[in-house]
Enquirer: 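Got a structure for you, written out below as structure tokens; questions coming shortly.
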Amino acid sequence: MVLEGTWTSLFTWVFCTLIPCSLTDPGAVVPAPQNLSVHSANMKHLLVWSPVILPGETVHYWVEYQGEYESLYMSHVWIPSSWCSPTPGPECDVTDDITATVPYRLRVRATSGPRASAWSALKPPFNRNSTLLLPPRMAVRKDGSHLVIELEDLGPQFEFFVTFWRKAPGAKEHAKVVRSVGFPVYLGAMEPGAVYCVKARALVRAIARRSAFSQAQCVEVQGEALPLGLALFAFVAFMLFLVALPVSIWKTGQLLRYCCCPMAVLPDTLKITNPSQKLAPCRREEKVDVCVMTDRAAPRRGLPHAELADVGEGP
Ligand SMILES: *[C@@H]1O[C@H](CO)[C@@H](O)[C@H](O)[C@H]1NC(C)=O
Ligand SMILES: *[C@@H]1O[C@H](CO)[C@@H](O)[C@H](O)[C@H]1NC(C)=O
């Protein structure tokens, strides 16, 4: 291809020197794209160049790359870029072509119909470790009494180092590494009435680099005093319930007993349940009888004795 390019250039040079060239000439040379550079941020790489303008003609661009592997082990073969073979605009997303952290050579040429320009190469080669890592965008909020963070999805190569702390003197800073994004991440429980702050930085292990920290975002757990009051209320209610439960069970038992058992049973219960009570009055009666009898007998027995004695003494 290099040889072919050389021959084309030589042919064009010879052709143009011998016969005066004009833009309308079908053999007119297509200028090579100039000012190649890579705009790389957050591991997205965009190769850009100054547009080639040919009045009245449609220009296309072709991009090729050569990584360390291709240049060392594949006889310097150039591989057409995935998305720019060809492309109509003066830029090319080479993110999918750059798959290793090694210097990549990039080149571009312009075509118009069957005519092609010479290749223009990027100087120096591009290494993705030079990408600009921006502080990650994030959204911090509270979910109930939990601190929640949502981070922007920057692709599978990104991890996030998140730190959060309670805004109070001497408060400890907590850290968490978040690997998966796209859904909310719970950082921890928050104490009511406190302010919590969060900041995050992006990490890319493939290039051993990290971004600066994002601006800290804070949330206040002001509205959480109500759930605490509710909890306190619930606790008091539960305690009252615990106290009321045995009382109500006892009351219900009483009611059920009166409902199920007729009033007529009551005397029976009183009589049958305690037989000693039934016998006691009888004994008492007997005792009384006995006592009465003895009381009656005693004087009777005593009297005759006395009488006898008196009688005995008398005569
Ligand atoms: C290349 O960039 C420089 C300045 O950045 C500009 O002056 C020049 O015209 C550009 N070349 C082309 C071919 O556009
Ligand atoms: C990128 O890697 C090269 C070695 O491949 C190293 O020399 C260079 O300092 C690195 N650049 C950054 C910004 O890490």
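Note that the structure is a prediction, hence the values are computed from the model and not measured. Numbering of ligands and ligand atoms starts at 1, following listing order.
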Enquirer: Would you confirm whether any non-hydrogen atom of the protein falls under 4.0 Å from atom 11 (N) of ligand 2?
Expert: yes
Enquirer: Say whether E57 and S112, considering side chains only, have a donor N or O and an acceptor N or O under 3.5 Å apart.
Expert: yes
Enquirer: Are any side-chain N or O atoms of N42 and backbone N or O atoms of L134, one a donor and one an acceptor, separated by less than 3.5 Å?
Expert: yes
Enquirer: Identify the protein heavy atom lying closest to atom 8 (C) of ligand 2, giving its residue, its atom name and the separation to 0.1 Å.
Expert: N129 ND2, 3.7 Å
Enquirer: Have a look at N35, V52, I53 and point out the one with the heavy atom closest to atom 1 (C) of ligand 1.
Expert: N35
Enquirer: Can you list the ligand 1 atoms lying under 4.0 Å from a non-hydrogen atom of Q34?
Expert: 13 (C)
Enquirer: For the residue pair N127 / Y104, report whether a side-chain donor-acceptor contact shorter than 3.5 Å exists.
Expert: no
Enquirer: Under 3.5 Å, side chain of D153 to main-chain N/O of G155, donor-acceptor pair present?
Expert: yes
Enquirer: Does either side chain, that of D97 or that of S81, offer a donor lying less than 3.5 Å from an acceptor on the other one?
Expert: yes
Enquirer: Tell me: protein heavy atom nearest atom 5 (O) of ligand 2, and distance?
Expert: N127 ND2, 3.4 Å
Enquirer: Considering only protein heavy atoms, determine whether one is less than 4.0 Å from atom 3 (C) of ligand 1.
Expert: yes
Enquirer: Could you list the donor-acceptor pairs under 3.5 angstrom formed between side-chain atoms of residues 157-164 and any protein atom two or more places apart in sequence or on another chain?
Expert:
from: E159; atom 1: OE1; to: R205; atom 2: NE; distance (Å): 3.3
from: E159; atom 1: OE1; to: R205; atom 2: NH2; distance (Å): 3.0
from: E159; atom 1: OE2; to: R205; atom 2: NE; distance (Å): 2.8

Enquirer: Is there a protein heavy atom less than 4.0 Å away from atom 14 (O) of ligand 1?
Expert: yes
